[in-house]
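The structure appears below as structure tokens.
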Amino acid sequence: RIQSISVGDSVMLRWSFTDPEAWLFTKNYGLKIRRSVYVGAADTFSYQQRWNNALVLADSIKPFTSQQWSTYNFTYPERASAADSLLHHSEFVPVMDDPAFKNAIQFEKSLQNRHAFVELMANIDFEIAQGMALGLIDSDSLTNNYEYQYEFSFEMYGRTYVYTHNHKHT
């Protein structure tokens, strides 16, 4: 799920994953984000025209490291500390060390709970969403009344997943 809103000369993008495994994968390996002009002035561009001139906003966006969480000047440092714990501290990171069925179920529940808390933190505070690699501010040469298409992509288990989102900048 991808949401966007124009704020002045920028577009705030916030995305979330419904699948905790996809979230965990992009957390570890990164997410690519590109932007193309979908409709500009009176022109509608073909798929080829749009993506030949696409702007790469993030080549492999990943969450902050523990060191970045502790050194960045967050508006609400206690939220940053909680986000760091959810992402990096061992008591919150489930480990699948026993393949027994009961343990597999517990591992999956732990992952789902952790993912839910990460999404909740990102929804509460956009600055935290950015640090968790679940939000981005696009302020690179946007034109009012143009419609842009954002492409989010990542590879998982040899397959590329692509999601698009259109936004008319006003």
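These numbers come from the heavy atoms of this one structure, side chains and all, not from hydrogens, waters or symmetry mates.
For Ala116, there are no side chain to side chain contact (heavy atoms under 4.5 Å, CB included) partners at least two apart in sequence or on another chain. Listed by chain and number, the residues in a ring pair (Phe, Tyr, Trp, His ring centres under 6.0 Å) with Tyr29 are Phe25 (sequence neighbours excluded). In terms of the ring pair (Phe, Tyr, Trp, His ring centres under 6.0 Å) criterion, Phe117 has no residue partners (sequence neighbours excluded). For Glu119, the salt bridge (Lys or Arg N to Asp or Glu O under 4.0 Å) partners at least two apart in sequence or on another chain are Arg14. Every residue two or more places apart in sequence or in another chain that forms a side-chain hydrogen bond (donor to acceptor under 3.5 Å, both in side chains) with His165 is listed here: Ser4. Residues passing the side chain to side chain contact (heavy atoms under 4.5 Å, CB included) test with Asp9: none are found, sequence neighbours excluded. Scanning for side-chain hydrogen bond (donor to acceptor under 3.5 Å, both in side chains) contacts around Ser36 gives an empty result, with sequence neighbours left out. The side-chain hydrogen bond (donor to acceptor under 3.5 Å, both in side chains) search around Ser16 returns Arg1, not counting sequence neighbours. Scored by the salt bridge (Lys or Arg N to Asp or Glu O under 4.0 Å) test, Asp125 finds Arg79 as partners (sequence neighbours excluded).
Proximity of a side-chain donor or acceptor of Ser81 to a complementary backbone N or O of Pro77 within less than 3.5 Å is not detected. Listed for the Arg34 side chain is no donor-acceptor partner under 3.5 Å among the backbone atoms of Ala58. Checking side-chain atoms of His88 against main-chain N and O of Ala83 turns up no donor-acceptor pair under 3.5 Å.
We find the CZ-OG distance between Arg114 and Ser85 to be 11.0 Å, quoted to the nearest 0.5 Å. Ser139 OG to Met12 CE: the interatomic distance, rounded to the nearest 0.5 Å, is 11.5 Å. The CD atom of Gln149 sits 4.5 Å away from the OG1 atom of Thr164 when rounded to the nearest 0.5 Å. A distance of 10.5 Å separates CD1 in Ile33 from CD in Glu151, rounded to the nearest 0.5 Å.
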I'd like a table of donor-acceptor pairs (distance under 3.5 Å, sequence neighbours excluded) in which one partner is a side-chain atom from residues 126-134, with atom names and distances.
{"unit_1": "Glu127", "atom_1": "OE1", "unit_2": "Thr75", "atom_2": "N", "d": "2.9"}
{"unit_1": "Glu127", "atom_1": "OE1", "unit_2": "Thr75", "atom_2": "OG1", "d": "3.2"}

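Phe152 and Val162 fall into different hydrophobic clusters, defined by Ile, Leu, Val, Met, Phe, Trp and Tyr side-chain heavy atoms under 4.5 Å apart, directly or through other members. Grouping the Ile, Leu, Val, Met, Phe, Trp and Tyr side chains by contacts below 4.5 angstrom, directly or via other members, places Tyr163 with Val11. Under a hydrophobic-cluster definition in which Ile, Leu, Val, Met, Phe, Trp and Tyr are linked whenever side-chain heavy atoms come within less than 4.5 Å, directly or via other members, Ile5 and Tyr146 are assigned to different clusters. Met156 and Trp15 end up in the same hydrophobic cluster when Ile, Leu, Val, Met, Phe, Trp and Tyr side chains are linked at under 4.5 Å.
Screening residues 54-67 for side-chain hydrogen bond (donor to acceptor under 3.5 Å, both in side chains) gives Thr65-Gln68, Ser66-Asp84 as the qualifying pairs, with residues at least two apart or on separate chains. Residue pairs meeting the side-chain hydrogen bond (donor to acceptor under 3.5 Å, both in side chains) criterion with at least one member in residues 152-161, sequence neighbours excluded, are Glu21-Tyr157.
Here the side chains of Asn145 and His169 are not in contact, with every heavy-atom distance at 4.5 Å or above. Using a 4.5 Å heavy-atom cutoff, the side chains of Val37 and Tyr148 are in contact. Counting heavy atoms from C-beta on, the side chains of Asp140 and Leu55 come closer than 4.5 Å. Proximity of Lys32 to Ile61: side-chain heavy atoms (C-beta onward) are nowhere separated by under 4.5 Å. Proximity of Leu24 to Lys27: side-chain heavy atoms (C-beta onward) are separated by under 4.5 Å at one or more points.
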- Task: Evaluate the ring-ring contact (aromatic ring centres under 6.0 Å, His included) criterion for residues Phe74 and Tyr72: first the C-alpha distance (whole Å), next the side-chain angles of each, then the deciding distance (0.1 Å), finally the verdict.
- Result: CA-CA 6 Å; Phe74 285 96; Tyr72 186 86; 4.6 Å; yes
- Please report the C-alpha distance between Trp69 and Leu87 in whole Å, then the side-chain angles of each, then the deciding distance to 0.1 Å, and finally whether the side-chain contact (heavy atoms from CB on, under 4.5 Å) criterion is met. CA-CA 10 Å; Trp69 284 109; Leu87 292 172; 3.7 Å; yes
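Side chain to side chain, Tyr150 and Asp138 meet the donor-acceptor criterion of an N or O pair below 3.5 Å.
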